[in-house]
Amino acid sequence: MSTVRVLVGTRKGAFVVTSDEGRRRWDVTGPHFGGWEIYHLKGSPADPDRLYASQSSGWFGQVIQRSSDGGRTWETVGNKFVYEGEVGTHLWYDGTPRPWEFKRVWHLEPSLTDPDTILAGVEDAALFRSTDGGQTWQELPGLRRHESGRYWQPGAGGMCLHTILLDPSHPGRIFIAISAAGVFRSDDDGQTWRPMNRGLKSPYELPDPDAAVGHCVHRIAMHRSRPGILFMQKHWDVMRSDDAAESWQEVSGNLPTDFGFPIDVHAREPETIYVVPIKSDSEHYPPDGQLRVYRSRTGGQEWEPLTKGLPQRHCYVNVLRDAMAVDALDPCGVYFGTTGGQLYVSADAGDSWAPIVEHLPAVVSVEVQTLP
Amino acid sequence: MIRVVLPAHLRTLARVDGEAKVQVEGPVTQRAVLDALEARYPMLRGTIRDQVTQRRRAFVRFFACQEDLSNEPPDTPLPDPVATGAEPFLVVGAMAGG
């Protein structure tokens, strides 16, 4: 019988939540690293008991934790993230140049094949790699040194590299997303990068709505079976690319609002996608106080609200960009965490929902492992 | 031995119960104490001072003998009671919140 392990990062610690494939009874352990912000935890696809966690604090900075037993025990590994060579400047909120300064790790993406190799997306936006299980980190400086880098500006949450997608069918192809620079792709294992934002329009955020860089991309997602098809939740607009991010088309369709943070793809149906519409960029909560996940079974455009088991009155939580994930079971499980500390599961692909736990600290990230 | 009192989060991180104790060869300065502390507890590297610039993190303070030594040059000798172990060197997380 399969088991499911949910890795939850919160503002005040990490939680590891497990169940059998029924997904009705859950065992919750934690908080691990209590009192610290845990931006992200993720397991290695090559060795599911190898986990990595990004632990940080405004007082004490960045720590990286590693587990080799599925989260029962942890050890600190390297936390020295130093930009390679000349640091250079990007633009600050007021448009003045500002030197790159490391603040924290937003996202950890283990290699598909090697448990000791892992990428880290950081703020101020850059990509680092470790090939020794997190003991040492080296920047892949081609991204930060891209000719557009000096014009990148932070989004409201900081200038963060928050999404890393590894293409399983093209070794060396990496997609990343930066708020607020946009999507970039490397086809040579992170050495060189191209901005991939054609088709994005940001009339309320940029003087040139079609600019090559500068878009506030909140999250991108892919299905492993079709890595050339990508889905995006932008600041405003839900987008889709059918050509490995060469171009994007809007698929917001009948969503009540196309602002939001997470987006994810059903594990078995690559045209089934999920978003959580949020009222606006200045009101980060669901429209009408109703927490609704929207599902499209057509790869966008046509969306249906999923409300069964979710609060439909007086709900004013947010769901952050890394706080939604799916398992690989049949039917597919969908999970998300809220800034109100609720962790929800749907064991039937979104038709109905139930809280796993309701009073965690604000949830920052959710990842799911399906274990044999 | 130099006695070092760490804030709760760093005691947990370093798996230290109570005070940390470190041996310092030569003059007992802020830099020498932190070097010895990080050598004994490598997981503390980067949490008290920047790993490259060696500058104190903005929200960390250093107290000893009822004085705030946070802005003293790192190579200034610490007070004798710290050097003799009569008084601890305190690493403090700045007060924040309401």
Side-chain angles (χ1 to χ4, degrees), chain A residues 10-14 30-38 52-67 73-87 99-105 120 122-124 126 128 130 132-139 141 361-362, chain B residues 3-20 22 30-31 33-64 68-72 74 88-98:
Chain A
T10 80
R11 293 283 181 211
K12 294 291 179 185
H32 303 278
F33 330 120
W36 293 70
E37 291 189 302
I38 308 299
Y52 294 93
S54 169
Q55 169 184 356
S56 65
S57 139
W59 286 265
F60 307 119
Q62 180 69 51
V63 174
I64 300 290
Q65 298 274 357
R66 184 179 74 187
S67 174
T73 62
W74 297 84
E75 59 181 323
T76 53
V77 287
N79 61 345
K80 191 172 183 179
F81 292 87
V82 180
Y83 296 116
E84 179 87 19
E86 183 70 30
V87 171
W100 250 267
E101 180 185 3
F102 174 82
K103 297 186 176 65
R104 59 180 61 82
V105 173
V122 314
E123 176 189 354
D124 287 334
F128 285 77
S130 173
D132 56 8
Q135 297 290 0
T136 61
W137 297 89
Q138 297 80 38
E139 189 192 6
Chain B
R3 298 160 53 201
V4 181
V5 174
L6 294 169
H9 279 321
L10 296 189
R11 286 200 303 275
T12 304
L13 187 66
R15 298 177 185 177
V16 170
D17 253 345
E19 294 177 351
V22 294
Q30 189 191 105
R31 187 193 307 277
V33 170
L34 294 176
D35 284 349
L37 186 71
E38 291 175 356
R40 172 133 188 222
Y41 304 101
M43 65 285 281
L44 295 180
R45 289 177 186 157
T47 64
I48 297 169
R49 55 183 180 169
D50 185 275
Q51 296 198 69
V52 176
T53 66
Q54 300 282 288
R55 279 205 297 270
R56 173 177 54 80
R57 290 187 59 81
F59 292 169
V60 172
R61 311 291 290 183
F62 302 135
F63 299 165
D68 184 349
L69 307 176
S70 304
N71 295 313
E72 292 294 312
F89 179 72
L90 279 70
V91 177
V92 179
M95 193 163 24

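A note on names: the letters A, B, ... follow the listed sequences, proteins ahead of strands, and every chain is numbered from 1. Source: prediction; values computed, not measured.
Taken from OG1 in A:Thr76 to CZ in B:Arg15, the straight-line distance is 7.0 Å, to the nearest 0.5 Å. Put simply, OG1 on B:Thr12 and CZ on A:Phe33 are 11.5 Å apart, with the number rounded to the nearest 0.5 Å. Here the CG-CH2 distance, from B:Leu10 to A:Trp59, works out to 12.0 Å after rounding to the nearest 0.5 Å. Note that CZ of A:Phe60 is 9.5 Å distant from CG of B:Leu13, once rounded to the nearest 0.5 Å.
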Side chain to side chain contact (heavy atoms under 4.5 Å, CB included) assessment of B:Met43 paired with A:Asn79: CA-CA 9 Å; B:Met43 65 285 281; A:Asn79 61 345; over 6 Å; no
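Contacts between B:Arg49 and chain A at a heavy-atom distance below 4.5 Å are absent for every atom of the residue. No part of B:Pro42 comes within reach of chain A, as not one of its non-hydrogen atoms sits under 4.5 angstrom from that chain.
Shown here is B:Phe59, whose CZ atom has no more than 12 heavy atoms of other residues, nucleotides or ligands within 6.0 Å. Taking a 6.0 Å sphere around NZ of A:Lys103, one finds it holds more than 12 heavy atoms contributed by other residues, nucleotides or ligands.
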